[in-house]
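Side chains included, hydrogens not; waters and symmetry mates left out as well; all remaining heavy atoms used. In this text the structure is predicted, and so the values were computed from the model without any measurement. Start at 1 with the first residue, then count along the sequence.
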Amino acid sequence: MSQPAAAALDLVRDHTIYSCVIGSRAFGLATEGSDTDRRGVFVAPTPLFWRFEKPPTHVEGPAAEQFAWELERFCELALRANPNVLECLHSSLVEHLDDRGRELRSLRGAFLSRQAHTTFVRYALGQRRRLDTDVRVHGAPRWKHAMHLLRLLTSCRDLLRTGALTIEVGDERERLLAVKRGEVSWASVESWMARLTAEADDAVTRSPLPPEPDHARVADFLFRVRRTSALP
């Protein structure tokens, strides 16, 4: 392993403030053989930013299916309502949490806004195009991906309706797993997706969420973390 790669993994090992399990296990969709996807946030020591070569914005590893963001990058993505990052912040399967991670979790509401409608739906459209390509080329979609797209659209609709992001599928588990097994026709899945998209479009106009996230609260948190790290 090269020295830069080893140094990046050391950041994850030594400076992680928050880590959790995400994916099927966090969504309530795990079955036998499901992977355990881990995500986390690390804080690169402030003096590392005083060099020409800056610390990485993200790191893969050290374990399989593990990925971590540097705090600033994580906050940037969360403020843009990136679905993967917001879901990480709302996982109930927390594996590591220090005081800074605990404060980050307490800021979950500051990241939420009506911008989620745009980012979630845009992400869903990209995934839908891939599914349509699979149907044209292979005659059927990748059913697992179809299941997760339905879950994402449901999560988006409910977030816009309630102002709270819930990533666990609850009572929808068996219905979604039937899609994963290919037991639901593609036409029915298409109709389901169209309905969820329309419901999300309708919900955004009456959403209790603010138009914009609370940039000031997040910026204050990041500044304090950086300042504390810079002190002897």
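Taking both residues in full, the closest heavy atoms of S19 and T16 are given as CB-CG2, 4.2 Å, listed atom of the first, atom of the second, then distance. Of all heavy-atom pairs spanning P211 and Q115, the tightest one is O-CG, 3.9 Å. Across every non-hydrogen atom of W192 and L176, the tightest pair is CH2-CD2, 3.9 Å. R105 and L97 get closest at one heavy-atom pair: CG-CD1, 3.9 Å. L153 approaches A124 most closely through the heavy-atom pair CD2-CB, 3.7 Å. Across every non-hydrogen atom of D98 and H96, the tightest pair is N-NE2, 4.3 Å.
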Inset, instruction - Evaluate side-chain contact (heavy atoms from CB on, under 4.5 Å) for H58 paired with R73, printing each intermediate quantity in order. - result: CA-CA 8 Å; H58 60 271; R73 179 59 173 166; 5.7 Å; no
Inset, instruction - Please lay out, stage by stage, how S92 and E168 fare under the test side chain to side chain donor-acceptor pair (under 3.5 Å). - result: CA-CA 9 Å; S92 62; E168 295 88 354; 3.2 Å; yes
Inset, instruction - Could you give me the CA-CA distance, side-chain angles and deciding distance for D201 and H117, then say whether side chain to side chain donor-acceptor pair (under 3.5 Å) is met? - result: CA-CA 8 Å; D201 292 343; H117 176 255; 2.7 Å; yes
Inset, instruction - Dump the intermediate steps for side-chain contact (heavy atoms from CB on, under 4.5 Å) on L165 and S155, then the final yes or no. - result: CA-CA 7 Å; L165 180 60; S155 179; 3.1 Å; yes
Inset, instruction - Evaluate side-chain contact (heavy atoms from CB on, under 4.5 Å) for V169 paired with T154, printing each intermediate quantity in order. - result: CA-CA 9 Å; V169 299; T154 301; over 6 Å; no
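When the shell of 6.0 Å around CD of E53 is examined, it contains 12 or fewer heavy atoms from other residues, nucleotides or ligands. Shown here is D171, whose CG atom has no more than 12 heavy atoms of other residues, nucleotides or ligands within 6.0 Å.
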For residues 74-83, run the donor-acceptor check on the side chains, cut-off 3.5 Å, and write out each pair with its distance to 0.1 Å, sequence neighbours left out.
| from | atom 1 | to | atom 2 | distance (Å) |
| --- | --- | --- | --- | --- |
| N82 | OD1 | N84 | N | 3.0 |
| N82 | OD1 | V85 | N | 3.0 |

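Residue L71 is not grouped with residue V12 when hydrophobic side chains (ILVMFWY) are merged at heavy-atom distances under 4.5 angstrom, including chains of intermediate members.
Ring pair W186/W143 is perpendicular by interplanar angle, where above 60° counts as perpendicular and below 30° as parallel.
Of the residues E95, Q66, E65, the one that meets the side-chain hydrogen bond (donor to acceptor under 3.5 Å, both in side chains) test with R38 is E95.
The backbone N or O of L209 lies less than 3.5 Å from a partner atom in the side chain of R114, making a donor-acceptor pair.
Salt bridge status for E72 with R226: present, with a side-chain N to carboxylate O gap under 4.0 Å.
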